[in-house]
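For reference, the structure is listed below as structure tokens.
We use all heavy atoms of the structure for the numbers below, so side chains are in, but hydrogens, waters and symmetry mates are not. First listed ligand is number 1; within each ligand, the first listed atom is number 1. Because the structure is predicted, anything quoted here is derived from the model rather than measured.
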Amino acid sequence: MDKKEQLYEGKAKKVYATESPDLCIVSYKDDATAFNGLKHGTIVGKGVVNNKMTNYLMKKLSAEAGVPTHFVEELSDRDTLVKKVKIVPLEVIIRNIAAGSFSKRFGVKEGTPLKCATLEYCLKDDALGDPMINDLQILACGFATKEELDTISSMAFRVNDYLKDFFAGVNIDLVDFKLEFGKSADGEIVLADEISPDTCRFWDKTTHEKLDKDRFRRDLGGVEEAYDEMMKRVLGE
Ligand code: TMP
């Protein structure tokens, strides 16, 4: 399957049409941004890590946790064939340990284990700075239906249950992560976008070293090394 015209360019990926109206090709870039695009940089090899890690985890989530995804076939190191979906305009964030904006907003020290996993939604809208939004606000604005939100939240917690165990097996605490969901042509809600060090916080269980995009966001150095280390732990490569 070959790339046809470019449909969309995001901050970290490009999306191309294919000869099939139901399929797209996602192409992962090395470009990195933070703080709603205010900070720019390049993380060499990031596109390859994020592509391969996402595909590996989506295959496992589908086969072992019954989570439907947009994944179809990995075409190359950076390119993947996916189902064409309409992205539900929500960032779905699950947290197991306090960090980042949660710690700032609620004054809970980074690293505090949460008594239960939390879920929050942000509206995917760069111009508005991806504001937090609650269930009723989502329904009131028509960004998703009640049925769609029920499906999305239960799938997000299922993903968390599976991934927490998976990452524990490679000595990683899954601190928090962001998911996006899409609606396929036949109306099915599927997991879309990516699951990678760009979209998850990964801390080494023993040393608590950060092995994710916070190294770029917070200028901690060793950014490429962290992505490579996560690739090694997840894929053995
Ligand atoms: P936060 O603590 O900054 O709200 O981030 C929570 C999680 O969501 C963290 O794992 C990083 C991820 N994330 C994204 O994938 N994209 C974003 O634009 C932001 C702000 C966070």
Side-chain angles (χ1 to χ4, degrees), residues 8-13 26 28-41 43 46-47 49-51 53-54 57-58 69-70 87-114 116-134 152-153 155-157 159-164 166-168 172-182 191-205 208-220 223 226-227 229-230 233-234:
Y8 171 79
E9 177 161 12
K11 288 181 284 222
K13 300 187 279 300
V26 177
Y28 286 73
K29 306 189 285 183
D30 284 352
D31 302 16
T33 64
F35 315 117
N36 199 19
L38 278 178
K39 178 172 177 159
H40 284 264
I43 301 174
K46 169 172 91 84
V49 172
N50 290 5
N51 181 42
M53 190 183 295
T54 297
L57 295 174
M58 283 201 182
T69 80
H70 72 162
I87 293 289
V88 178
L90 298 173
E91 301 202 336
V92 182
I93 296 168
I94 298 271
R95 303 183 190 261
N96 298 303
I97 297 174
S101 69
F102 186 96
S103 289
K104 272 208 190 102
R105 183 176 293 118
F106 301 124
V108 180
K109 193 170 175 289
E110 267 211 348
T112 308
L114 300 173
C116 63
T118 68
L119 179 151
E120 70 210 48
Y121 298 109
C122 293
L123 178 63
K124 238 177 101 66
D125 187 323
D126 283 342
L128 297 177
D130 298 340
M132 251 178 115
I133 187 166
N134 71 26
I152 285 170
S153 57
M155 275 169 60
F157 282 118
V159 169
N160 187 43
D161 288 341
Y162 183 84
L163 289 185
K164 246 190 337 186
F166 173 82
F167 282 108
I172 290 287
D173 273 326
L174 178 62
V175 174
D176 56 31
F177 58 95
K178 185 262 301 180
L179 300 176
E180 293 183 24
F181 292 86
L191 180 62
D193 195 51
E194 65 182 276
I195 306 170
S196 73
D198 271 20
T199 61
C200 305
R201 285 195 172 95
F202 298 129
W203 293 355
D204 183 274
K205 269 185 180 291
H208 307 297
E209 186 187 6
K210 296 183 196 323
L211 293 170
D212 57 61
K213 194 175 163 190
D214 270 349
R215 301 206 74 84
F216 168 78
R217 296 188 188 99
R218 303 181 185 190
D219 297 320
L220 299 176
V223 183
Y227 279 72
E229 175 63 24
M230 283 308 304
R233 292 211 198 175
V234 171

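- At least one side-chain heavy atom of Met230 sits under 4.5 Å from a side-chain heavy atom of Phe167.
- When the side chain to side chain contact (heavy atoms under 4.5 Å, CB included) test is applied to Thr199, the partners found at least two apart in sequence or on another chain are Lys178, Asp193, Glu194, Ser196.
- Residues that satisfy the side chain to side chain contact (heavy atoms under 4.5 Å, CB included) test with Leu128, not counting sequence neighbours, are Leu123, Asp125, Pro131.
- Protein residues lining ligand 1, listed by chain and number: Glu91, Ile93, Arg95, Ala99, Gly100, Ser101, Asp176, Phe177, Lys178, Asp198, Thr199, Cys200, Arg201, Arg217 [non-hydrogen atoms, distance under 4.0 Å].
- There is no side-chain donor-acceptor pair under 3.5 Å between Ser103 and Arg95.
- With respect to the salt-bridge test (charged N to carboxylate O, under 4.0 angstrom), the residues Arg201 and Asp176 qualify.
- Scanning for side chain to side chain contact (heavy atoms under 4.5 Å, CB included) contacts around Ala156 gives Val92, Ile94, Leu119, Leu179, Phe181, with sequence neighbours left out.
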